[in-house]
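Numbered from 1 within each chain, the chains take letters A, B, ... in sequence-line order. Everything numeric here is computed off the predicted structure, so don't read it as measured data.
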2 protein chains.
Amino acid sequence: MPRLAAGDRREALVEAALRVMGRDGLAAGTTRAVVAEAGMSLASFHYVFASRDELLAELVRRVVGRELATATAALDAAAIDPAAGPADCLRAAARGYLGHLEADPGAEQLMLELTLHAVREPDLRPVAREQYRAYAAAAAALLERAAARTGARWRGPLAEPARVLVTLVDGATTTWLVDRDTAATRATLDAAVDLLVARYAVVPA
Amino acid sequence: MPRLAAGDRREALVEAALRVMGRDGLAAGTTRAVVAEAGMSLASFHYVFASRDELLAELVRRVVGRELATATAALDAAAIDPAAGPADCLRAAARGYLGHLEADPGAEQLMLELTLHAVREPDLRPVAREQYRAYAAAAAALLERAAARTGARWRGPLAEPARVLVTLVDGATTTWLVDRDTAATRATLDAAVDLLVARYAVVPA
DNA sequence: GTCTATATGCAGATAGAC
DNA sequence: GTCTATCTGCATATAGAC
């Protein structure tokens with residue numbers, strides 16, 4: 001193995017962990033499985049990470065960052081049609097998410113597993129809180145953007161509908177992972193979006 | 001230890017597992033930890049359960065049964081006020097659930113951990129599906145009862161709003177477990193109930 | 001920086017005496 | 001039916017040569 005900078009090695013290990021744990025679950029992502037996937041030795045792992053939990057914390061931060069980037073990109077793409085209303089934008093974003101979930105279910109399941117694990121571990125709890133603060137902020141940004149692009153506006157503070165949105169995506173993910181009923185999940189999200197817009201948005205005539 | 005019938009021993013082990021895993025998580029619920037909690041020897045475990053997964057399957061079935069009983073009881077209690085509408089009933093049921101979640105967060109977290117674990121294990125996948133079928137049926141029964149008690153009725157098949165309800169409760173649970181913000185979760189559920197009723201219910205004047 | 005080899009401990013499951 | 005003792009394997013983490 002060539003000599004790698006510590007940062008590059010951390011990066012490679014995070015990517016390997018994502019592959020292994022996405023495929024077989026958080027519990028299957030042992031340090032040994034991760035280094036095998038990365039083609040490294042076990043000692044190299046502990047050279048750049050003090051512990052497995054330190055890897056998990058970095059994993060969450062990295063994936064959340066990636067998700068946020070994907071979400072804003074999807075939203076921008078959805079708001080191109082000038083005749084679209086905020087409900088159309090949000091529906092398109094929801095479908096985008098659902099497509100991503102279908103394409104790589106393991107990744108989203110892993111995030112849920114990580115969240116539940118982090119909540120149990122005192123050292124990782126702050127990471128989970130940060131993760132959900134980021135989700136809420138992203139949801140608020142999504143709502144704001146959907147309104148701005150369609151000339152609508154939202155009643156009251158964004159925090160409430162943003163939290164409803166996060167709750168819905170979380171719940172829809174869990175439910176879909178169990179029954180894999182994409183049509184039903186799409187219907188649920190579509191209905192939820194309509195409800196959200198009906199209650200919180202002011203759409204110009 | 002006295003000689004116990006196999007059935008009684010299974011029951012005792014399931015209860016012990018619920019305590020240990022509710023407290024410290026699914027991963028901490030090793031066979032050894034469970035038998036220690038139950039005050040039994042390790043061999044007794046394998047005398048009545050072929051494997052740990054068999055215990056987990058029975059665990060899910062038992063808790064789901066208990067949850068369904070609690071949910072219907074709470075609904076009946078909520079529908080006593082003759083002036084209540086379906087939204088009032090559902091709000092009361094949501095608050096009842098939230099109270100239960102606050103009183104014993106570990107139990108609900110454990111159910112989520114079990115669901116995600118079951119989805120990964122081929123042998124347990126059918127258990128998870130059964131669990132969510134039961135949730136959906138319970139949600140439909142809840143909606144039906146809320147309508148019947150208040151003279152309202154639902155538009156279209158119950159399956160769609162029932163799925164929305166399950167999704168919401170799932171998502172609200174995850175979100176609450178992370179930030180423990182009861183007020184925000186209550187607001188989310190209240191808003192969601194209003195939305196649900198506005199879209200799906202026909203309330204008599 | 002990178003490796004092999006190892007320390008240490010706990011997991012699920014079983015053997016076999018009583 | 002119930003127990004102690006044990007088999008077997010894998011976990012995280014570290015020591016120390018190169």
Side-chain angles (χ1 to χ4, degrees), chain A residues 1-21 23-60 110 113-114 117-118 120-124 127, chain B residues 1-21 23-60 110 113-114 117-118 120-124 127:
Chain A
M1 265 285 136
R3 280 172 136 71
L4 288 179
D8 292 347
R9 196 166 280 273
R10 283 173 77 99
E11 161 120 17
L13 284 168
V14 166
E15 292 303 322
L18 274 175
R19 287 194 298 275
V20 174
M21 296 180 185
R23 208 163 49 226
D24 302 325
L26 172 59
T30 65
T31 51
R32 287 180 144 85
V34 171
V35 297
E37 175 82 21
M40 291 183 201
S41 75
L42 182 56
S44 296
F45 179 94
H46 284 287
Y47 184 76
V48 292
F49 285 111
S51 70
R52 181 173 181 261
D53 272 1
E54 197 181 300
L55 165 73
L56 296 184
E58 183 147 331
L59 201 58
V60 172
L110 173 58
E113 289 167 349
L114 278 167
H117 173 72
R120 296 267 191 202
E121 297 287 316
D123 287 357
L124 288 177
V127 178
Chain B
M1 266 285 138
R3 280 171 136 70
L4 288 178
D8 292 347
R9 195 166 280 273
R10 282 173 79 99
E11 161 119 18
L13 284 168
V14 166
E15 292 303 323
L18 273 176
R19 286 194 299 275
V20 173
M21 296 180 186
R23 208 163 49 226
D24 302 324
L26 171 60
T30 64
T31 51
R32 289 180 143 86
V34 170
V35 297
E37 175 82 21
M40 292 182 201
S41 75
L42 181 58
S44 296
F45 179 94
H46 284 288
Y47 184 75
V48 291
F49 285 111
S51 70
R52 182 173 180 262
D53 273 0
E54 197 180 299
L55 166 72
L56 296 184
E58 184 147 329
L59 202 58
V60 172
L110 173 59
E113 289 167 349
L114 277 167
H117 173 73
R120 295 266 191 203
E121 296 288 316
D123 288 356
L124 287 177
V127 178

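- Going from atom CZ of A/Phe49 over to atom C1' of D/dT14 covers 18 Å, rounded to whole Å.
- Note on A/Ser41: a base of the nucleic acid sits closer than 4.0 angstrom, heavy atoms only.
- If you take CZ of B/Phe45 and P of D/dA5, they are 21 Å apart, rounded to a whole angstrom.
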request  = Applying salt bridge (Lys or Arg N to Asp or Glu O under 4.0 Å), run through B/Arg32 and B/Glu37 and close with a yes or a no.
outcome  = CA-CA 9 Å; B/Arg32 289 180 143 86; B/Glu37 175 82 21; over 6 Å; no
message = Test side chain to side chain contact (heavy atoms under 4.5 Å, CB included) on B/Glu58 and B/Phe49; report intermediate values, then the result.
response = CA-CA 10 Å; B/Glu58 184 147 329; B/Phe49 285 111; 4.0 Å; yes
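- Here the P atom of nucleotide C/dA13 and the CE atom of B/Met40 are 17 Å apart, to the nearest Å.
- Rounded to a whole Å, the CG atom of A/Asp8 is 15 Å from the C1' atom of C/dT2.
- Between B/Val34 and B/Leu13, the closest heavy-atom pair is CG1-O, 3.7 Å.
- A donor-acceptor contact under 3.5 Å is formed by the side chain of B/Arg32 with the base of C/dG12.
- Distance, B/Leu42 CG to D/dC7 C1': 13 Å, rounded to whole Å.
- The CG atom of A/Leu110 sits 4.5 Å away from the CG atom of A/Leu114 when rounded to the nearest 0.5 Å.
- Both A/Ser51 and B/Ala6 lie close to DNA chain D; mapped to their nearest nucleotides by heavy-atom distance, the more 5′-ward contact belongs to B/Ala6.
- As a whole-Å value, the separation of A/His46 NE2 from C/dT4 C1' is 15 Å.
- Contact annotation: B/Tyr47 does not reach the phosphate of D/dT2 (side-chain N/O to OP1 or OP2, under 4.0 Å).
- To the nearest angstrom, C1' of D/dG1 lies 14 Å from CG of B/Leu13.
- Taking the charged nitrogens against the carboxylate oxygens, B/Arg10 and B/Glu54 do have a contact shorter than 4.0 Å, which makes a salt bridge.
- When the nucleotides C/dA15, C/dA13, C/dT4 are ranked by their closest atom to the side chain of B/Ala43, C/dA15 comes out on top.
- For B/Arg52, the listed nucleotide lying nearest its side chain is C/dA13; candidates were D/dT4, C/dA13, D/dA13.
- Between A/Ser44 and C/dT2 there is no side-chain polar atom (N or O) within less than 4.0 angstrom of OP1 or OP2.
- Taking atom CZ of B/Arg9 as the reference point, atom C1' of D/dC3 lies 10 Å away to the nearest angstrom.
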